[in-house]
Amino acid sequence: MQISRIATIVAAGVITPALFLTTPAVAEEQPATTGQTTTQQDGGVAAPADTNPAPKAETSDKNKAAPQIPVSVHGIPKSLRAGADSPVTFQIWYDNQNGDQDVSFTPQVLYIPTKPDGSKADDYAIKLWQPEGPDARWVPVAPLTTSYTDAKKTAFMVSGSLSTHVLKKGQIAKFDVQLSFDKQTPAHEARLRVTAGNNVIATAEQGFSVLAAKEPKPKPDPSKSSTASASPTATESGKTTPGGKTKPSASASASASPSASSSTTAAAAGTTSGGSGTTANGGRTELAATGSDPATPWIAAGGAAAIIAGAGMVVATRRRANAQG
């Protein structure tokens with residue numbers, strides 16, 4: 001009985017240390033979990049489930065690079081005049097020959113005056129046209145938007161958009177545009193910038209000058225003819241009216257003789273003596289007024305007649321005496 005108890009105690013003393021030595025090994029083979037779901041892989045040790053999967057690559061358009069299209073402007077002269085009778089036609093070229101995709105964009109035109117007077121922005125009256133419809137008739141580009149580019153509103157630009165266009169890869173798009181300025185636009189320097197819009201990179205610029213409108217030529221006044229002139233040497237002729245008065249004509253001679261004879265010899269030659277002048281062979285010479293009485297011409301005429309009558313009587317008496325003797 002004592003031998004069996006001793007054997008039992010000895011066996012327990014030997015087994016107990018062995019149990020303590022084998023327990024850590026078991027713990028290493030079965031690590032504690034951290035709350036993750038595990039899955040069995042090929043019958044082997046369970047592997048933890050992936051609760052934070054890697055993000056998938058985004059395929060939205062935002063990550064796509066904006067297409068770049070070379071653009072150029074053709075046909076704008078170095079200078080154009082405000083108020084011209086016809087607008088200037090130019091072209092915008094968008095080149096997609098080297099592109100790898102079709103591009104949809106909206107051509108945009110920006111007019112940027114150099115050192116303008118922002119307080120008179122409405123005077124810089126730009127106008128744009130584009131062809132439209134099957135007959136390609138010109139229609140205004142509208143609306144044209146004026147926007148200030150600085151806080152003091154001294155600088156500004158005017159922008160307008162053309163019709164949206166789809167440009168195939170490997171092709172060139174050419175847009176016709178017309179440009180003009182109203183006559184109130186002042187003389188200034190400006191730039192014309194073209195872009196594409198719709199997240200398409202395309203920019204080109206060209207500078208030009210705007211000349212002030214021409215002033216209209218004054219029309220000649222018909223009431224102020226340059227051909228009318230007065231002649232300083234016009235002559236005046238007189239006509240003897242019934243009653244012995246002489247009527248002056250519309251012209252006067254500045255070279256009349258200052259002396260005139262009222263003798264009977266002048267009377268015999270067909271010269272008529274008057275109170276205000278002497279007419280010889282149809283010509284009349286003005287004399288200075290003497291202040292004589294209006295009856296003087298009649299008295300002078302009567303005296304002349306009496307002298308002529310006396311002379312006639314003398315001649316007749318001599319003829320009779322000669323005849324009798």
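The model shown is predicted, which means the values in this text are computed figures rather than measured ones.
Leu144 contributes atom CG, which lies 11.5 Å from atom OH of Tyr111 (distance to the nearest 0.5 angstrom). Rounded to the nearest 0.5 angstrom, Leu167 CG and Lys169 NZ are separated by 12.0 Å. With rounding to the nearest 0.5 angstrom, the NZ atom of Lys174 is 6.0 Å from the CD atom of Gln91. Distance check: Gln108 CD to Leu110 CG gives 6.5 Å after rounding to the nearest 0.5 Å. Of the inter-residue distances, the one linking Ile308 atom CD1 with Met313 atom CE reads 14.5 Å to the nearest 0.5 angstrom. Taking OG1 of Thr149 as the reference point, atom CE of Met157 lies at 7.0 Å (rounded to 0.5 Å).
The hydrophobic clustering, which links ILVMFWY residues whose side-chain heavy atoms are closer than 4.5 Å, places Ile92 and Ile112 apart. Under a hydrophobic-cluster definition in which Ile, Leu, Val, Met, Phe, Trp and Tyr are linked whenever side-chain heavy atoms come within less than 4.5 Å, directly or via other members, Val141 and Ile76 are assigned to the same cluster.
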### Query
Asp182 and Lys127: salt bridge (Lys or Arg N to Asp or Glu O under 4.0 Å), yes or no, with the steps?
CA-CA 8 Å; Asp182 286 348; Lys127 289 184 178 180; 3.3 Å; yes
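You'll find the ring centres of His165 and Phe175 inside the 6.0 Å limit.
Shortest non-hydrogen contact noted between Pro77 and Val88 is CD-CG1, 3.5 Å. Residues Phe90 and Gly75 approach most closely at CB-C, 3.8 Å, considering heavy atoms. Scanning all heavy atoms of the two residues, the minimum distance from Pro107 to Ser163 falls at CD-O, 3.3 Å. Counting all heavy atoms, side chain and backbone alike, Phe208 lies closest to Arg191 at CE2-C, 4.1 Å. Minimum heavy-atom separation, Phe105 to Gly197: CB-O, 4.1 Å.
Residues satisfying the side chain to side chain contact (heavy atoms under 4.5 Å, CB included) criterion with Thr154, sequence neighbours excluded, are Asp150, Lys152. Listed by chain and number, the residues in a side chain to side chain contact (heavy atoms under 4.5 Å, CB included) with Ser79 are Ser209, Leu211 (sequence neighbours excluded).
In the displayed structure, Asp85 atom CG is contacted under 6.0 Å by at most 12 heavy atoms of other residues, nucleotides or ligands.
There is no side-chain donor-acceptor pair under 3.5 Å between Asn96 and Gln171. Using a 3.5 Å distance cut-off with no hydrogens or angles, the side chains of Thr106 and Thr164 do pair a donor with an acceptor.
Here the side chain of Gln97 pairs no donor or acceptor atom with the backbone of Ile172 at under 3.5 angstrom. Looking only at distances, a side-chain donor or acceptor of Thr185 sits under 3.5 Å from a matching main-chain atom of Ala125. For the pair Asp117 (side chain) and Ser119 (backbone), a donor-acceptor distance under 3.5 Å is present. Listed for the Arg81 side chain is a donor-acceptor partner under 3.5 Å among the backbone atoms of Ala212.
The closest side-chain heavy-atom distance from Thr203 to Val194 is not below 4.5 Å.
A ring pair (Phe, Tyr, Trp, His ring centres under 6.0 Å) check over residues 121-163, counting only residues at least two apart or in different chains, returns the pairs Tyr124-Phe156, Tyr124-His188.
The existence of a salt bridge linking Lys168 and Asp102 is confirmed by a sub-4.0 Å separation between a basic side-chain nitrogen and an acidic carboxylate oxygen.
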